[in-house]
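Along the sequence shown, residues carry numbers from 1.
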Amino acid sequence: MQEKSRRVLRWLVIFFGALVLLISTLSAFAWIYKDDIISKALDILKGELTVPVSYQTVDVSIWTSFPLLSINFQQLEISDPVSKDSPLMSIEQFSLAFNWLDAWQGNYHVHQLKLKEGQINMRLDKKGGANWEIFKHDSTSKGDVSMRLEKVILKDVLWSYVDKSNDYNQVVIWSNLQLKGDFSSVESKLSLNASGVCENVTTGNREIIQNLSFDCSSDLLYQRNSEVLTIDEIEWVALDAPMKGKGWIDFKKEPCEIEVKAENVEVQQWVKNMPGWLSDALHSYEPEGNFQIQGMINGSWKSPTITASMNWREGAVKEPVSGVELEDVDFQLNYHLKNGQDLWTLEHLNATLANGQWKIKGEIRNTLSPEMDLDIEMHSGIQEMVDFLKWDSLLTANGELDMKANVSGKWNPNDSIWRWDNWKAEGNVALKASSFQWHSMPYPIQNVQALIQLHEENAILHQCMAQYQQSDIDLTGNWHKAVSWLFNTSSGIEADVVLKSKHIQGEDFIQSEGSGFGLPAFSNLKLRCEVESFSYQQFEAKKFKTHLSVQEGLIKAEGLQWELAEGKLDGELELFANEKSQKWEVDINANIENVNLPKLMTMFNDFGQSAIKSDQLKGLINAEVDLDFKLRNDLKLDRYSVNGVMVMDVRNGEIIHWSVLEDVAGYLNKNKWIAPLVDEDLLAKRLSWVKFEALRNTISVSQQVIEIPWMEIKTSALNMVFKATHTFDNEMDYLMGFHVRDLILSYRDWE
């Protein structure tokens, strides 16, 4: 046993001794022939390249590429033949490795090339000129000095490729790359093993890939004469999923054909490595599930045609704020890129949202500024859909929506807000909602039932019935740019519709303070109104009809008709929303027929005066009114702004306990100058309740003053002439006259 152990030990000593001797011999050889070896290496670089090469230091090593002998250049730079801005290659450590036996015999054939820590910048200008064409067509290297590569190694090298003629950019960091084979053969069979990160790939300012880590291996065949690289099969791991591919690239004629496929890619990993503008938008939705992908790249490798197909099943996405989840996603998407133009074809996207179903198919063109053309079938709860789509213009939306339509338009990925301007739709929508409220409305619309036909940017309301507070609404007609307004109410309504209602409660739409009308913004509205009854505070009207138009803050009511106070009104009304003064400017021209005077005064709260009340007057009024005035947002009158004229007829009038007439009797009684001829008590009684058949006059209003010109009043008590001024602050200046003969009447006549 001891003898056996001694033999093993002897052999180990001999082996290590021989190894030390070999290493010592090699080291001595490298040291002795160092200058010659370096000179030969420089001959190789100068003989093969057409551009200057610079380096900081150069040395010979037996360890860098052991068992090969290597020449190591520190901080080597190879100049760019086209641009002086940056070198073609800048490497911290550049090594050429030789076979020891060849070097011993004086033949310096480079078998291995190693680049560590640096950058390679390959550029193709707009005319197709390449900055990497730096090798001499006829090598000037001597026969004992040549490139006979069998191995190329890259470690931590950034490779940048820019093609200005096709606006294509690519950056790859090779953590480790090894190419093995006979590079000098006419047909070089090579093996590839590599790992790294594809930092980005862009074409036409379109980012296609970002920060994609990979590991790959493949067998390659390079045919030197034809410059064709054939990829028998390449296997790699990217997006944490195994992938396979095969194909070929013709570097001389520049076509290529590469096929790739992956069976089980995690959606989250795929989204993470999508271009930033798209990844950021999708990543927050927490996509789940796996998908299969296969694709083909062919045509010019500078500007290839790319086709790909992706299948995603049993997937899910979640809206980040509301937590509403789109489940059971069944998704098939095809991609096609040619001549810088790309097309996404959505074969189908079927998904479940709460208890609803979505079915979408169509096309998306141009990834940078997507143009969408989608067919959508949807049965969904409105609130879930609002939450998932971030429909911010809606405050509440409880109900169900059925939709079958084609929707087309553009989306700006750089805009955080989804804008629906210039979107078009063709199809039908059925809506049934218990509650529906936009942010611009103070109260929700309830019990909504609507049938809507979508046409381009517009909507045709075949039926839209709803309850708004105490008011019922029935709308039909055309609603222009409806899609845009639904998602952005500040854009304003453009519509030509008919409004019918059994009752409109004015307080539902007129707020006591704030912005005034509680309706969504109007920009261009034509509305034919037919309302059975309308009320606002004490005001009541029936059978209200008008053709209403709203445009740029101007509201016009033409053909205005309504029944009020047992009579009728017809005319025209204009209201202008003055943004500077924050007031409504009103101009009204109207005819009033057979209106009950006390009821009219009650409706308008005695017109804000207290000199004579509604319970002190009786009669029927006919009038022609031409007034303009201003209203505050709460529809309170700006008294200083009232101007106008009213031509008025009053029939079958009565004046009861009017202080002005009662003061006449008091004045006569006080002065006693006709007391012997007049029964003052009887006169006072008759003036406390005066009746007259007809009264006509033209009354003007200006600067808060009502001017009543001279008029003759024939009453049951006496005949008189009368004029007056009456301010809105109830300051009165009345002047009246009467004939003494009308006062000097016998008691019998008065009886």
Please report the C-alpha distance between S188 and D182 in whole Å, then the side-chain angles of each, then the deciding distance to 0.1 Å, and finally whether the side-chain hydrogen bond (donor to acceptor under 3.5 Å, both in side chains) criterion is met.
CA-CA 5 Å; S188 300; D182 185 358; 5.5 Å; no

For E227, which residues count as a salt bridge (charged side-chain N to carboxylate O under 4.0 Å, His left out) partner, sequence neighbours excluded?
none

Please name all residues satisfying side chain to side chain donor-acceptor pair (under 3.5 Å) with K261, sequence neighbours left out, ordered by chain then number.
none

Side-chain donor/acceptor of Q268 to backbone N/O of P287, under 3.5 Å
yes

Close side-chain approach of N334 and T307, heavy atoms under 4.5 Å:
no

Sorted by chain and residue number, the side chain to side chain donor-acceptor pair (under 3.5 Å) partners of E314 (sequence neighbours excluded) come out as none

Have N72 and S95 got a donor and an acceptor in their side chains that come within less than 3.5 Å?
yes

Atom pair CD1 (I78) and OG (S90), whose distance is rounded to the nearest 0.5 Å:
10.0 Å

Quick one: side chain to side chain contact (heavy atoms under 4.5 Å, CB included) partners of D219, sequence neighbours excluded?
S191, D232

Just verifying a value: how many Å separate K151 NZ and K180 NZ, rounded to the nearest 0.5 Å?
4.5 Å

Report the residues that fulfil side chain to side chain contact (heavy atoms under 4.5 Å, CB included) with I231, sequence neighbours left out, ordered by chain and then residue number.
S218, L220, I234

Could you state the interatomic distance from CZ (F214) to OG (S195), rounded to the nearest 0.5 Å?
7.0 Å

Considering non-hydrogen atoms only, spot the tightest contact between E187 and L221 and give its length.
CB-CD1, 4.1 Å

Residue set satisfying side chain to side chain contact (heavy atoms under 4.5 Å, CB included) with N350, at least two apart, ordered chain then number -> D330, H348, K359

CD/E77 to OG/S86 distance, rounded to the nearest 0.5 angstrom?
9.5 Å

Side-chain (N121) to main-chain (P87) donor-acceptor, under 3.5 angstrom
yes

Which heavy atom of L115 sits nearest to which heavy atom of L113, and what is that distance?
CD1-CG, 3.7 Å

For N290, what residues pass the side chain to side chain contact (heavy atoms under 4.5 Å, CB included) criterion, not counting sequence neighbours?
N264, E266

Taking side chain to side chain donor-acceptor pair (under 3.5 Å) as the test, write out the residues that go with T345, two or more places apart.
none

L192 side chain reached by L177 side chain, heavy atoms, under 4.5 Å
yes

On a heavy-atom basis, which atom in L374 and which in G362 lie closest, and how many Å separate them?
CD2-CA, 4.0 Å

Can you sort out the partners of N211 under side chain to side chain donor-acceptor pair (under 3.5 Å), two or more places apart, ordered by chain and number?
none

Taking all atoms of both residues into account, what is the closest heavy-atom pair of W236 and K244, and its distance?
CZ3-C, 3.7 Å

Worked verdict on V260 versus M243 for side-chain contact (heavy atoms from CB on, under 4.5 Å):
CA-CA 7 Å; V260 296; M243 301 183 181; over 6 Å; no

Ignoring hydrogens, what is the shortest heavy-atom contact between V157 and E117? Give both atom names and the distance.
CG2-N, 4.1 Å

Heavy atoms only: give me the nearest K116-I91 pair and the separation to one decimal.
O-CG2, 3.5 Å

Can you find a pair of side-chain heavy atoms, one from D373 and one from R365, that are under 4.5 Å apart?
no

Do P242 and E235 have side chains that get closer than 4.5 Å, going by heavy atoms?
no

W358: ring-ring contact (aromatic ring centres under 6.0 Å, His included) partners, not counting sequence neighbours
F388

Looking at side-chain heavy atoms only, is the closest gap between T305 and H336 below 4.5 Å?
yes

Min side-chain heavy-atom separation Q74-Q93 under 4.5 Å
yes

Once rounded to the nearest 0.5 Å, what's the spacing between atom CG of L190 and atom OH of Y222?
10.0 Å

In the structure I gave you, are the side-chain heavy atoms of L124 and Y161 within less than 4.5 Å of one another anywhere?
yes

Verify the distance criterion only: is there a donor paired with an acceptor across the side chains of N200 and N169 at less than 3.5 Å?
no

Under the ring-ring contact (aromatic ring centres under 6.0 Å, His included) rule, collect the residues that match up with F331, sequence neighbours excluded.
W312

CG-CG distance between N176 and L154, expressed to the nearest 0.5 angstrom
9.0 Å

Short side-chain to backbone donor-acceptor contact, N131 and R123, under 3.5 Å:
yes

Contact between L333 and Y335 at the side-chain level, heavy atoms closer than 4.5 Å - yes or no?
no

Partner residues of W248 under the ring-ring contact (aromatic ring centres under 6.0 Å, His included) criterion, sequence neighbours left out
none

